[in-house]
Amino acid sequence: MTHVLPLELDRRYPVIVKGEGVWVEDAAGRRYLDAMSGGSMAATLGHGRRDIVAAARAQAEKLAYVHNDRLTNPAQERLAQELTERAPDGFTRVRFVTGGAEANEMAIQLARRYHVDRGESQRWQVISPAQAYHGPTMATLALTGRPGLQRPFEPYLPRHPHIPPSTWRFDPTGQQALDALDRALEAAGPQTISAYFCEPVSAAALPAYTPPARFWQGLDERRARHGFLIVFDEIVTGMGRTGHWFATQSLPVVPDLIAIAKGLGAGYAPIGAVLSRQHVYDAIATGSRKFTLGHTWDGAPLSCAVGLAVIDVLRTEGWVDHVRERGPRLRAQLAEALQGIRMVKEVRGHGYLIGVEYVDPRDGTSFLPPDLRTAGRIDAVAFERGLVTLSTMPTRDGFAGDQTLFAPAFTSSESELSEMVARFAGVVRQVANEVDARLAVPAS
Ligand SMILES: Cc1ncc(COP(=O)(O)O)c(C=O)c1O
């Protein structure tokens, strides 16, 4: 009997009692290989890091908490400095929060503050790709164009324009997304647009997908022409996941604000942040000179000390370079292991953020029939085989079908990566055979 109100009431939740590296163990002593960095891509450095725990403990013993409304602390000050040193040129200020959705909300508020302080208070709308996930709060939920997620909460959600993703299915060149962006700007009135908001490389919503360079260049031009800001949700990609400290460092566009979270605490503390370029700060500095909204745990010494310890490990052990160098081979290993499986359409990858996209094996392009529940079956079979994965089936939103995210900890050893790939390929083959049988696909 549990008193927890879970996310899915029909799901049986295994009780995980400990973790070491990329292994977690349940209450019955069964061990699972964690190919998903703690399930959410947060635990980028694996479980059970004594050095990070020691840093947290040392800080807690000295000073665990003060509120940054009236006080600051050395851990917050140093972490802000460390982040700006690793961010693209021109990012000079950091505002801390306690998680991903909070960071995205703070970015929406900072963008709005920027425009209001510059005397453009008509700018509030945010344009974003429809197939996205930016968090479960009302403001962040409004930034996704997915009826499947929004429906029950619609009365609370402001209406923002969305554009379709430029995937192979809808727009392989990126031009249609630019046309859709132009239409959205025109329909809303470009002078009402506060920001374009997106992940530079998608995580759960469209695993490891990024639009073509043409889209980014066109977006940059439109920002210059129309005066909106570009905000990158780097909740997943920030802090090394794609082989760069920030995924923007691999793209031909520099945003005005970057929101980060998961990899900053690496699963050891709830912490997020918004990094701001100087001109956004300047607008506030020469305008209202204050920002009254904040959370109780923003910039707290304990969580900032964890952030500092995480950066220290990433830097001294060279994990960001490692992910950049090893990532393409991991993607290739997965693609090779999944070769010949007709429902596997594409294996995409950026660093240790890898996505596998499934299609109907009968024609090689359509979404799989939703009643097969292929994504759910992949995760269930993976779990039976001792592997933690994350698959999704946002089919009813219209832009993506069944897909799996594969995002191991940066610290996974060679043999652990090989074992994850082998187990995963076994899972996909088993489920693909079940799908073929259900759909009466003739053996090739
Ligand atoms: C891309 C992206 N943005 C925002 C969030 C929300 O972060 P949090 O769950 O920390 O609020 C998530 C969480 O999965 C995410 O993947």
Side-chain angles (χ1 to χ4, degrees), residues 36-45 79 83 86-88 91 94-111 126 128-129 131-144 146 149 195-210 229-251 255-276 295 297-299 303-304 306-307 310-311 314 320 323 350-355 390 392 394 405 407 409-410:
M36 265 305 291
S37 301
S40 75
M41 296 161 279
T44 53
L45 299 173
L79 186 56
L83 287 170
R86 279 162 185 82
F91 281 84
V94 184
R95 203 183 156 85
F96 292 103
V97 289
T98 55
E102 280 185 15
N104 284 338
E105 286 232 20
M106 187 56 71
I108 297 169
Q109 294 184 7
L110 282 171
V126 179
S128 55
Q131 182 56 29
Y133 180 74
H134 298 297
T137 61
M138 295 306 171
T140 54
L141 191 54
L143 297 190
T144 182
R146 295 169 58 185
L149 291 179
Y196 182 82
F197 203 108
C198 68
E199 285 183 277
V201 180
S202 294
L206 266 178
Y209 165 76
T210 188
L229 298 184
I230 298 177
V231 182
F232 274 180
D233 169 347
E234 294 224 31
I235 303 311
V236 171
T237 56
M239 309 306 289
R241 171 60 66 191
T242 68
H244 304 270
W245 284 94
F246 301 90
T248 178
Q249 284 156 331
S250 66
L251 297 179
D256 302 284
L257 294 166
I258 299 176
I260 60 172
K262 295 184 193 259
L264 182 56
Y268 291 87
I271 181 167
V274 184
L275 284 75
S276 158
H295 300 273
W297 269 84
D298 293 353
S303 32
C304 288
V306 168
V310 166
I311 290 182
L314 286 169
V320 181
V323 167
H350 293 265
Y352 277 19
L353 181 60
I354 296 180
L390 181 72
T392 55
L405 248 175
F410 310 165

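Note that the coordinates shown come from a computational prediction; the quantities given were computed from them, not determined experimentally.
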Do [X] and [Y] make a side-chain contact, defined as non-hydrogen atoms from C-beta onward lying under 4.5 Å apart?
X	Y	result
M41	Y352	no
D233	I258	no
V231	L110	no
L405	T392	no
P129	C198	yes
L275	L257	no
V310	L45	yes
V126	Y196	no

Between [X] and [Y], which heavy-atom pair has the shortest distance, and what is it?
X	Y	result
L390	G39	CD2-O, 4.2 Å
A43	G38	CB-N, 4.0 Å
G99	A261	C-CB, 3.7 Å
A407	S37	O-OG, 2.7 Å
A195	A111	CB-CB, 4.4 Å
Q249	P88	NE2-N, 3.7 Å

Residues that [X] engages under side-chain hydrogen bond (donor to acceptor under 3.5 Å, both in side chains), provided they are two or more places apart:
X	answer
T144	none
S250	none
E199	none
Y133	none

For [X], ring-ring contact (aromatic ring centres under 6.0 Å, His included) partners two or more places apart:
X	value
F91	none
F232	W216
H244	none

### Query
Among pairs that include at least one residue of residues 256-268, which meet salt bridge (Lys or Arg N to Asp or Glu O under 4.0 Å), considering only residues two or more places apart or in two chains?
R223-D256, D256-R277
### Message
Could you measure the distance from the CG atom of L314 to the CZ atom of R86? Nearest 0.5 Å is fine.
### Response
9.0 Å
### Task
Quick one: do F197 and N104 satisfy side-chain contact (heavy atoms from CB on, under 4.5 Å)? Show the steps, please.
CA-CA 9 Å; F197 203 108; N104 284 338; 3.6 Å; yes
Kindly write out the residues that satisfy side-chain contact (heavy atoms from CB on, under 4.5 Å) with [X], not counting sequence neighbours, or none if the list is empty.
X	value
S303	A269, I271, W297, A300
P270	none
T44	R241, A266, F410
A247	P200, V201, E234, T237, T242

Say whether, by atom type as modelled, one donor and one acceptor occur between the side chain of [X] and the main chain of [Y] under 3.5 angstrom.
X	Y	answer
R95	A273	no
Q131	A205	yes
E102	T98	yes

### Task
Could you give me the CA-CA distance, side-chain angles and deciding distance for V320 and M239, then say whether side-chain contact (heavy atoms from CB on, under 4.5 Å) is met?
CA-CA 8 Å; V320 181; M239 309 306 289; over 6 Å; no
### From CA spacing to verdict: side-chain contact (heavy atoms from CB on, under 4.5 Å), I260, I235
CA-CA 4 Å; I260 60 172; I235 303 311; 5.5 Å; no
### Task
List the steps and the verdict of side-chain contact (heavy atoms from CB on, under 4.5 Å) for T137 and T140.
CA-CA 5 Å; T137 61; T140 54; 2.7 Å; yes
